[in-house]
Amino acid sequence: MLMNASQPGMTVSFHGVRGSTPCHSHDTHHYGGNTSCVSVRTPDEVPVVFDLGTGVRYFGRQCNGTRQLRIVCLLTHLHYDHTLGLPFFEPLLDRDTTLEIYAPKQPDGRTVKELFLEKIKPPMFPVPLEQFAARIVFHEIGDDDFAIGKYSVRSRFVPHVGPTLGFRLTYEGASVTYLSDHQQPEDGEFTMSAGARELCEDVDLLIHDAQFTDEEFVTKRTWGHSTFAYARWVAETSRARQLALFHHDPSRSDHDISRVTAQIAEGCSARVFAAREGDSVNVVTCNA
Ligand SMILES: [Zn+2]
Ligand SMILES: [Zn+2]
């Protein structure tokens, strides 16, 4: 159930909703041009942030003035559009901040920490990551089920390009699933992996990759993403109650996002909306 932000439950906020690269133009400002970043806040638990795209700068501003801040990041994968915001996340300048990053273990044996230290340092970035004041802790995960305080977290590898996780976060019976980058079957069939199914079944809010139209998918079927229509199918077949279309293509205009979303929403069993930067929704369980 999607309710206004004053009620208890999880407040889910969209800080970056684009895929692939940040963008800005007169016809993208309504939905926004920052890359993947969605935060979850509750009345009594640590904030959780899905991905560290450029949208995380705006989440960081909301954290200003919070002392001894502990933040949990559930990172789907290491592509630039999901990690570019990390060195611009202002709470990292505060020694009282602890950022715990849960990220997919890599098949080549290198640790996620090594990979970040390798990228965030001169000459690619002026300040080495290890010189930031905050404490950054890395946890490498795969197909796992674990708890963080009152949260239950489910992580599953999902089809994309390179090792990529999807997440399901549950708090007091309310659930949100984050499937930002999800390759629909390349042959155009509407099927889904067992892992993706475990993430999506009966979820209150599904945030799902909707990068391509059916026409675009014909030439981009191996690029690691989903169509609007596939996102709708995943929501309906999983009995998701809400579907947020996400990871908008950087070339998609506001007008086209609204137009295609309206088509997808027509007759869908889930309530459908296009994720928009700056919007927040409150997710509570239907069983409450
Ligand atoms: Zn992406
Ligand atoms: Zn990706």
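Atoms within each ligand, like the ligands themselves, are counted from 1 in listed order.
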Tell me, please, which residues at least two apart from Lys150 pass side chain to side chain donor-acceptor pair (under 3.5 Å). Asp44
Atoms listed for the Zn ion (ligand 1) (protein only, N, O or S, under 2.8 Å, no waters) are Asp81 OD2, His82 NE2, Asp181 OD2, His247 NE2
What's the spacing between Ile264 CD1 and Trp233 CH2 if we round to 0.5 Å? 14.0 Å
Side chains of Ser258 and Tyr31, donor plus acceptor under 3.5 Å: yes
Any side-chain donor-acceptor pair under 3.5 Å between Asp81 and Ser20? no
Could you check whether the rings of His15 and Phe59 sit parallel, tilted or perpendicular, using 30° and 60° as the cut-offs? tilted
With a 3.5 Å distance limit and no angle check, can you tell me whether Glu236 reaches the backbone of Ser269 through a side-chain donor-acceptor pair? yes
For the Zn ion (ligand 2), what is the closest N, O or S atom on His160? NE2
